[in-house]
Amino acid sequence: MTTAVTGGLSVDSAELRGFRQVQQLAYACAEAVAARLEPGITEREAARMQREWLRERGVRDWFHLPFAWFGDRTAFVNFRIPLQFFPTNRRLEPGMPFILDMAPVYDGYTADIGYSGSLGISPVQDRLMADLEAHRELILREVRERRPLREIYEDVDRLMVRQGYANRHRAYPFGVIAHKVDRVKERRWSPHVFGFGTQSLKGLASDALHGHRDGWSPLWSPYRFSDHPPQPGLWAVEPHLGFRGTGAKFEEILVVTDSRDPEQSAFWLDDDLPHVRRWAEEK
Amino acid sequence: MTVPVTLEEARERRVQTGGVELCVAELGDPGQPTVILVHGYPDSKEVWSEVAPRLAGRFHVVLYDVRGHGRSTAPKPLRGGFTLKKLTDDFLAVADAVSPDRPVHLVGHDWGSVQAWEFATVKRTEGRIASFTSMSGPSLDHFGHWINSRLKRPTPRRVGQLLGQGAKSWYVYALHTPVLPELAWRGPLGKTWPRILERMEKVPGSGYPTSSLPTDAAHGAWLYRDNVRARLRHPRQDAYAHAPVQLITPLGDAFLSERLYDELELWVPQLTRRTLPAKHWIPRSRPDQLASWITEFVTSVEGGRPEGVTATGKYADRFGGQLVLVTGAGSGIGRATAYAFAEAGARVVAVDRDVEAAVRTAEMSRLIGAPEAWPETVDVSDEQAMEKLAAKVAAEYGVVDVLVNNAGIGLSGSFFDTTPEDWKKVLDVNLWGVIHGCRLFGRQMAERGQGGHIVNTASAAAYQPSKALPAYSTSKAAVLMLSECLRAELAGQGIGVTAICPGLVNTNITSTAHFAGVDAEEEKRRQKKSARLYGLRNYPPEKVADAILRAVVRGEAVVPVTPEARGAYLMSRFTPRALRRIARLEPPL
């Protein structure tokens with residue numbers, strides 16, 4: 001399990017190409033499945049559609065199994081225990097927002113993505129998605145400034161409050177806005193527990209162990225253990241906004257290196273993603 | 001809302017039908033959709049004299065005196081001359097005369113609504129009615145089924161409902177006695193009725209009822225005698241409405257229980273419910289609200305409005321289309337309150353001193369259900385600015401139906417550390433802001449005379465003394481008492497006043513609060529610390545907003561919200577000494 005991503009890791013390295021490829025694959029899956037969603041489909045069915053789509057294209061292991069949230073579940077309304085994240089029999093209705101979230105492992109590379117959409121028009125979610133752009137910019141800027149992750153988390157929080165939204169990534173385990181992802185060894189048998197692939201969990205656990213010794217954590221949370229500058233590596237960043245029963249998020253990989261050049265010290269793995277294209281089109 | 005014409009300027013015509021001659025009045029452009037207003041008992045078409053002109057700008061408004069009322073002639077003999085069948089003939093004759101080609105929009109009050117239910121549910125009017133707005137008059141057929149279902153399965157609750165309505169219907173039994181009602185109406189009752197209306201029913205005395213009242217009331221008794229017993233005993237099985245119906249229920253109706261409409265969805269496929277806190281004669285006491293609901297409903301049925309966001313909130317029946325002004329709407333409880341009203345379909349004026357925040361609140365309000373929302377930038381402590389705002393709101397948006405004086409700032413520190421400037425600042429915003437709001441917008445409400453509601457955000461600190469918050473608590477205690485006094489003063493005018501005492505709520509009041517007697521750095525630290533504590537408590541402002549809407553609907557006086565606020569409220573009443581002990585504690589900052 002390697003955590004050392006060095007300054008030598010440039011935008012074009014083969015390693016990043018692998019990650020970029022699987023992230024593209026996952027977003028393609030999200031768009032394909034989103035296009036096939038219709039009234040009456042349940043969250044379970046939507047999750048299965050994602051799983052099958054990716055299996056057909058060679059995905060054998062997962063960081064976590066695909067999730068699907070419909071309606072006010074996109075804002076995690078009344079979520080108390082983590083089991084509530086799992087897909088339910090909630091049916092999709094016209095005008096309902098939805099979020100597809102999946103983390104496939106392909107060829108040893110991990111992606112973790114989140115895709116927000118709605119069946120028909122959801123003006124509130126459109127607005128949330130538009131307002132997420134500022135968060136993407138804020139996160140990159142402050143990571144390049146090497147601000148402690150906890151402070152960046154608080155700044156994201158402040159921006160959300162100013163926009164009038166609730167922080168919904170706080171509902172995730174440990175309240176994380178991001179977590180590290182890494183390469184995963186491919187095994188013939190790759191079981192998962194509670195939806196998370198054991199190989200990936202192992203990686204996360206070993207990161208947590210190393211990080212604990214060196215004073216950093218693979219989980220980017222509001223807590224003290226995240227009070228450290230960004231650790232080089234790949235971070236799946238997932239700001240999640242909620243507004244009165246409607247939620248929206250994106251999730252994609254942020255590459256952090258130990259380069260001195262600010263431009264090279266942190267960058268988004270790929271800018272050719274649905275939400276980024278959308279923001280560009282709206283301008 | 002401007003009133004362009006009066007009923008006196010209406011064009012009149014006579015319509016012959018089934019041996020009687022009906023007096024029909026028309027207002028507005030006949031090219032517009034036709035709205036026919038049907039009056040009740042004991043009324044004449046003049047009961048609509050406030051509502052009709054308010055509709056005439058947009059619609060072709062038609063009113064007629066029901067047979068035997070006003071200037072229409074009475075059938076001979078009276079007995080058997082007022083059956084619903086004959087009343088339907090009358091309606092069709094009027095509709096054919098005033099709008100031969102297009103279906104009409106019906107509006108009925110009291111007995112006008114009872115007969116309009118018949119029009120809207122019988123086969124032969126199909127295609128002639130585009131929509132029906134019903135107020136204070138159930139279908140006799142639905143009523144019959146309502147009684148039968150309760151007799152067949154008499155659970156305690158249903159028996160209670162039956163007895164409740166049975167008591168409210170005393171006048172129906174009285175009207176079935178022969179001769180006596182006629183004698184009473186033509187004698188003493190006819191003379192004292194206007195005063196009874198004014199005293200008991202809060203109908204503003206402005207030239208109504210008209211001089212025809214004694215004969216209207218005497219003839220109208222046959223409406224009951226000809227129909228009620230027959231229909232209640234054998235209600236029609238097919239009384240399904242063939243047009244969309246808007247049901248407006250006054251909650252203070254002395255004659256009809258709101259429970260009557262519980263199963264109405266069975267009979268009406270497209271039902272819109274509206275409620276309003278008023279007594280029976282809403283065409284007299286709430287003309288603005290009725291005109292706006294009728295306009296909105298007729299316009300939406302005509303398809304004149306683009307498909308917008310629909311209000312989904314819990315209290316949409318109550319706040320739909322109402323004008324709500326919230327101060328301090330840029331954050332925290334104010335913002336959540338503006339959103340809650342927006343979700344209920346209210347038009348929202350979001351006032352804040354932070355332009356960007358106010359704009360944001362207004363924008364999001366429109367997205368979640370407010371038909372209209374406007375940002376206004378005002379510092380509530382600035383008297384002149386508030387006066388300007390009040391004038392602008394009245395001129396451009398109308399009279400405020402619900403006012404939420406919510407803007408407030410925090411100030412902590414011992415009494416001797418609090419400078420006169422600190423005192424002035426906190427009192428200016430927390431107390432004077434509320435005074436200005438109540439003074440300016442409350443006056444507009446009172447002058448309109450059609451009710452309203454004022455909500456003032458006080459605090460649990462208003463009754464929980466504390467050595468850490470002397471100035472803040474003083475300002476909030478003043479707000480609490482001001483609300484109570486104002487409530488007493490405005491009670492007679494149908495304007496409710498509520499003081500909300502939230503308690504520890506997770507808003508940014510902590511990070512903007514001033515801490516007296518410490519340097520800037522220490523102030524920052526304390527702000528952060530208190531924000532953290534409030535964050536740990538994590539009581540969301542949305543729950544306070546829900547409490548505010550509920551308080552307006554129920555007309556509550558003092559509403560402590562969080563459990564600690566409720567606990568302290570109880571202690572202030574029953575164990576004040578314990579509360580004083582708590583006041584001595586040092587806050588953990």
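All chains are named by letter (A, B, ...) in the order of the sequence lines, taking the proteins before the strands, and each is independently numbered beginning at 1.
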Stepwise, does the salt bridge (Lys or Arg N to Asp or Glu O under 4.0 Å) test hold for A/Arg162 with B/Asp354?
-> CA-CA 11 Å; A/Arg162 214 165 46 244; B/Asp354 178 349; over 6 Å; no
Taking everything shown except B/Glu521 itself, do over 12 heavy atoms lie less than 6.0 Å from its CD?
-> no
Step through the shown structure and confirm whether more than 12 heavy atoms of other residues, nucleotides or ligands are within 6.0 Å of CD1 on A/Ile121.
-> no
Return yes when atom CD of B/Glu356 has more than 12 non-hydrogen atoms of other residues, nucleotides or ligands closer than 6.0 Å, and no otherwise.
-> no
Heavy-atom neighbours of B/Arg273 CZ exceed 12 at 6.0 Å = yes
Looking at side-chain heavy atoms only, is the closest gap between A/Asp131 and B/Arg360 below 4.5 Å?
-> yes
I would like to know whether B/Ile368 and A/Phe243 meet side-chain contact (heavy atoms from CB on, under 4.5 Å); could you show each step before the answer?
-> CA-CA 10 Å; B/Ile368 55 174; A/Phe243 181 67; 3.5 Å; yes
